[in-house]
Amino acid sequence: MHPLFHPLFIDFCAYFNGNQDYFECHEVLEEYWKTIAPGKKEHPLVGYIQLATGLYHWRRGNLPGAHRIMRKAYKKFLSNQGHPFFDYIDFQQLCNDCLKSIDAIENNQPYKAFQIKLMNRDLIEKVNGKISSLPPLSHEFLLHKHMLRDRSDILTMREEKRNGRR
């Protein structure tokens, strides 16, 4: 199976292109990345995760965070050009959209979503099928989704690390 047809990448594309649930984009791709390339921070999946994170920050009005992470995503894409994770993606359009977003953020323009252009009929059908099953989500929910999750495990790990127990 081509890596873009993995269910978690399909989910990523559906959340990204469908309801712009960038928080879920991050969650599903982080799971995929940890499965196939744990710790490899130069992997293209990290760029996609950064892209979703940058758009999440931009939508929330965190322009410095959005700018920083979007630039990282763009650089990650450029350094991985030709990787199978771009086989059925319009790579040039993806890079152009990143640059337009970075420019807009630098100029304090309001958040503007874009779509990842898919270039394979079967992939498009799978993503569109998933999009059709997504529930509608309110702007407020998407804006504050990170505050709705249970972070106790993350906070415990940080505390242990701080105290030298990890």
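As a basis for the values below, the full set of heavy atoms in this structure was taken, side chains included, without hydrogen atoms, waters or symmetry mates. Counting begins at 1 with the first residue of the sequence.
- When all heavy atoms of Leu29 and Leu8 are compared, the closest pair comes out as CD2-O, 4.3 Å.
- Closest of all the heavy-atom pairs between Ala52 and Cys25 is CB-CB, 3.6 Å.
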Just distance, no hydrogens or angles: give the donor-acceptor pairs under 3.5 Å from side chains in residues 35-46, sequence neighbours left out.
| unit_1 | atom_1 | unit_2 | atom_2 | d |
| --- | --- | --- | --- | --- |
| Thr35 | OG1 | Glu31 | O | 2.8 |
| His43 | ND1 | Leu45 | N | 3.0 |

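- Between Phe23 and Tyr56, the two ring planes are tilted [angle within 30° to 60°].
- Looking at residues two or more places apart in sequence or on another chain, you find no salt bridge (Lys or Arg N to Asp or Glu O under 4.0 Å) involving Asp87.
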query: Going through the distances and angles, do His6 and Met1 end up as a side chain to side chain contact (heavy atoms under 4.5 Å, CB included)?
result: CA-CA 7 Å; His6 189 282; Met1 171 177 65; 4.1 Å; yes

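- Tyr48 contributes atom OH, which lies 9.5 Å from atom CG of Asn80 (distance to the nearest 0.5 angstrom).
- Here the closest non-hydrogen pair linking Leu51 and Ile116 is CD2-CD1, 4.3 Å.
- With rounding to the nearest 0.5 Å, the separation of OG1 in Thr53 from CD1 in Ile69 is 5.5 Å.
- In this structure, Asn120 has no side-chain hydrogen bond (donor to acceptor under 3.5 Å, both in side chains) partners at least two apart in sequence or on a different chain.
- When every heavy atom of Pro3 is checked against every heavy atom of Tyr32, the shortest pair comes out as O-OH, 2.7 Å.
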With a 3.5 Å cut-off and sequence neighbours excluded, list the donor-acceptor pairs that the side chains of residues 94-105 form with protein atoms.
| unit_1 | atom_1 | unit_2 | atom_2 | d |
| --- | --- | --- | --- | --- |
| Asn96 | OD1 | Gln92 | NE2 | 3.4 |
| Asn96 | ND2 | Gln92 | O | 3.4 |
| Asp97 | OD1 | Gln93 | NE2 | 3.0 |
| Asp97 | OD2 | Gln93 | NE2 | 3.4 |
| Ser101 | OG | Asp97 | O | 3.0 |
| Asp103 | OD1 | Asn107 | ND2 | 3.2 |

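- Every pair passing salt bridge (charged side-chain N to carboxylate O under 4.0 Å, His left out) that includes a residue from residues 5-19 is listed here, sequence neighbours excluded: Asp11-Lys130.
- Residues that satisfy the ring-ring contact (aromatic ring centres under 6.0 Å, His included) test with His2, not counting sequence neighbours, are Tyr88.
- In this view, Phe114 and Phe16 satisfy the ring-ring contact (aromatic ring centres under 6.0 Å, His included) rule, not counting sequence neighbours.
- Listed by chain and number, the residues in a side-chain hydrogen bond (donor to acceptor under 3.5 Å, both in side chains) with His26 amount to none (sequence neighbours excluded).
- For Lys126, the side chain to side chain contact (heavy atoms under 4.5 Å, CB included) partners at least two apart in sequence or on another chain are Phe5, Ile10.
- Every residue was checked against the salt bridge (Lys or Arg N to Asp or Glu O under 4.0 Å) condition with Lys72, not counting sequence neighbours, and none meets it.
- Phe91 is linked by a ring-ring contact (aromatic ring centres under 6.0 Å, His included) to Phe86, counting only residues two or more places apart in sequence or in another chain.
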task: For Tyr111 and Arg60, run side chain to side chain contact (heavy atoms under 4.5 Å, CB included): C-alpha distance rounded to whole Å, both residues' side-chain angles, the deciding distance at 0.1 Å, then the answer.
output: CA-CA 8 Å; Tyr111 156 78; Arg60 296 192 81 249; over 6 Å; no

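- Each salt bridge (charged side-chain N to carboxylate O under 4.0 Å, His left out) pair with one or both residues in residues 62-71, not counting sequence neighbours, would appear here, but there are none.
- Of all non-hydrogen atoms in Cys13 and Val127, the two that sit nearest each other are CB-CG2, 3.6 Å.
- Taking the six-membered ring for Trp and the full ring otherwise, the centers of Phe77 and Tyr74 sit at least 6.0 Å from each other.
- Remark: Met70 CE to Leu55 CG distance equals 4.5 Å, nearest 0.5 Å.
- The structure places CG of Asn19 at 8.5 Å from CD1 of Ile131, a figure rounded to the nearest 0.5 Å.
- Under the 4.5 Å side-chain criterion, counting only non-hydrogen atoms from C-beta, Arg59 is not in contact with Lys112.
- Remark: Ile89 CD1 to Leu123 CG distance equals 6.0 Å, nearest 0.5 Å.
- Of the possible polar contacts, none joining the Glu24 side chain to the Tyr15 backbone as a donor-acceptor pair under 3.5 Å is found.
- Between Lys76 and Ser79, the shortest heavy-atom distance links the atoms O-OG, 3.1 Å.
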